[in-house]
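From a predicted model like this one, the values you see are computed outputs, not experimental measurements. For the numbers below, each heavy atom of this structure counts, side chains included, while hydrogens, waters and symmetry mates do not. Throughout, a chain's letter reflects where its sequence line sits, starting with A, and its residues are numbered from 1.
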Amino acid sequence: MKHTISILAAAAVLGSAQSALAQTEIEFWHAFTGRLGELVAEQVETFNASQDAYQVVASHKGNYSETLNAGIAAFRAGEQPDILMVFEVGTATMMGAKGAIKPVYEVMADAGADFDQSKYIGSVKGYYTTPDGDMLSLPFNSSTPVLWVNRDKLEEAGIDPDTDLSTWEQVGAVLDQLKEAGVDCPMTTAWQSWIHLENFSAYHDVPFATKDNGFGGTDTELAFNGAAQVAHISAMGDWARDGKFIYAGRRNEGGANFRAGECALFTESSAGYAGIKAEAEFDFEVRPLPYWESVTDEPQNTIIGGASLWVMEGQTEEEYKGVAAFLNFLSSPEIQAKWHQDTGYLPITSEAGELTRSQGFYDENPGTDIAVTQMTAKQPTANSKGLRLGSFDQIRGIIDEELEAVWSGDKDAQAALDSAVERGNALLRRFEQASR
Amino acid sequence: MEKRVTFKGRWLPLLLVLPQIAITAIFFFYPAGQAIWQSLFIPDPFGLSMRWVGLGNFEFLLSDPYYRASFVTTAVFSILVTLVSMGVALYLAVLADRLIKGSGTYRTLLIWPYAVAPAVAGVLWLFMFNTRVGVVTWYLGLLGYDWNHVLNEGEAMGLVVVASAWGRISYNFLFFLAGLQAIPKSVIEAAAIDGAHFWTRFRTIVFPLLSPTTFFLMVVNIIYAFFETFGVIHTITSGGPQQATTILVYKVYSDGFVGQDLGSSAAQSVILLLIVSVLTVVQFKYIERRVHY
């Protein structure tokens, strides 16, 4: 009896060791820390527990830029992970790296996995598809800019907090009133290039760059020094000089001012939701991003920010099968709906959006669906599908510099945007040469 | 007159310097050679292909007015950092040298900042001067001064200079203090008896006798300002506002690691290598002549 038990135990140990050996490891490098990091870990655990064949190992590799660099360095050393998270501005870099990446639609087809590309929301996946509509990477976390309103601040200044803020004309009038009422920070912003130039262009259906914003080829040129953009930046510059728009920094530094209750209006990603909800001790509200009535009667859609998952070349067939299973798991309605509700990121499939609605989430958290509607209300045009520009992280840096010159009054909007276009074009030509 | 230790044969001395040569070759000559080689190409980030462009990368860089402006920014930044850190250190060292009681405590306290990593120092200073919650910003506001290094170029430069110089003061202080203590007291006393006041003694005796230390520190500090201030700049300004604090090293980083433009980044490293060699030669050739050992 004793013997049988020990034999059984030994068999059990052997058995478990064998199943551990038989499991294929899938390496997944991501850029999330804090709450988001925990949520990613939770997704991975759920996947690992749901089947025995594959084991996903998630590792944090620093911020977005650092994760991309880690992936590139690893590829050069032949140690690349199976899945790499790359932020949206790195898309052109990844696409140009034929031989380093394996397009997601190919991974799915080779693995014989179920993959219906039409399930994914057009304006989300559009950023990451080929001209034929095939998905090169899987959108993971996507957000879009909205207008955050501190209702208490408006009320204090004697403004009806329900006042219409759909257009920049209306916002301008409210900013005047706020300033007159002695509010120190009527408006601030995060991610100025993303919101006030990239999304501004898509939203007003004007080109940000030629060749369909770079989707048509690497010989694209920047075009954001058009009349509409110049008028907007010029108005923002006037507001900055009058103390109606307070510039806090290139990234999301302005978020601290808004969450502390200093600022009345704040243009920021819809994914700012978690932070604002946790910290704001005032009555806040989400509104759609404003548009200029003088430019368009009705806005187009906004575009996304965030990251997508790229599958790297050079892995075994077995690993690709595991990758396909994991990506399908991430796209499943339940997992997506939970992710969307926990983080404020957009759902990537319409099923996940519908599930969220039927669960009553939007009714309990008013305003959380504004970003979804703003993205999906209209069929994207060539100007609002997204951006695909090489060296774009660095071009954003140039845009930041030139916009700072406008906010400080050193340059007027036209001169600053002309200069940003010229300097950015030089980098695009470098990228074109490198990716030939 | 000179004392020299000589070895018989040639294998033992070779063997003794071999580790140093190996380290220099692996960690200096090999990467430097690679940088020179890479600067002649435009590679794609993943290393899948390389396009030969000859000196194209250098042409591209030198025709860029922003790159040329970065030379001036670097010069201004390095000179300010060197002057501030050495000036303050010398002042403190002279004071500490005159202390009779408690000089040990002062010395220990003054050495602390040296242990703080540049990036951490950057965050500390940024926190004090934060435009929204900074203590110093708040006091300046009371005085009616609106501090905003996020948009004001001069203030941004001032802040990164102070933050970079701060950690360096300790290091310079140590060397200056040691230098001061090595000056024979009898010389100074003789001058004092002749009626020379403190300032005259300092100008005509102490400072000239301190010149080897000053010279050494100048070389070391300029190299520090060129290469090791990255952390401070990255945490405080990221090179902004506009390009007010983009020094050459920061541009190598932003082109190489943000822009993935390894060709241009390599070319910039080569240019930096040249600048530092020229600087060192100039320093030893022209400034060292005025140094009294």
Under 4.5 Å heavy-atom distance to chain B, tell me which part of Arg396(A) shows up: side chain, backbone, both or neither. neither
Quick one: does any side-chain atom of Arg430(A) pair with a main-chain N or O of Asp261(B) as donor and acceptor, under 3.5 Å? no
Hey, does Glu432(A) have a side-chain heavy atom less than 4.5 Å from the side chain of Ile42(B)? no
Please identify each residue that fulfils ring-ring contact (aromatic ring centres under 6.0 Å, His included) with Tyr250(B), with sequence neighbours left out. Phe230(B), His234(B), Tyr253(B)
Atom group of Glu402(A) that falls short of 4.5 Å from chain B, counting heavy atoms: side chain
CG of Asp255(B) to CD of Gln394(A), rounded to nearest 0.5 Å, is 4.5 Å
Kindly indicate whether the side chain of Ser408(A), heavy atoms from C-beta on, has any atom under 4.5 Å from the side chain of Gln242(B). yes
Residue by residue, which of residues 256-266 of chain A have a heavy atom closer than 4.5 Å to a heavy atom belonging to chain B? Ala256(A), Asn257(A), Ala260(A), Glu262(A)
Validation row: Tyr66(B), Ile398(A) side chains within 4.5 angstrom (heavy atoms): no
Below 4.5 Å, heavy atoms only, C-beta onward: do Thr93(A) and Pro45(B) meet side chain to side chain? yes
Is any side-chain heavy atom of Gln260(B) less than 4.5 Å from a side-chain heavy atom of Ser391(A)? no
Can you see whether Phe46(B) has Arg76(A) sitting over its ring - NZ or CZ less than 6.0 Å from the centre and within 45° of the normal? no
Interface moiety of Asp410(A) toward chain B, non-hydrogen atoms closer than 4.5 Å: side chain
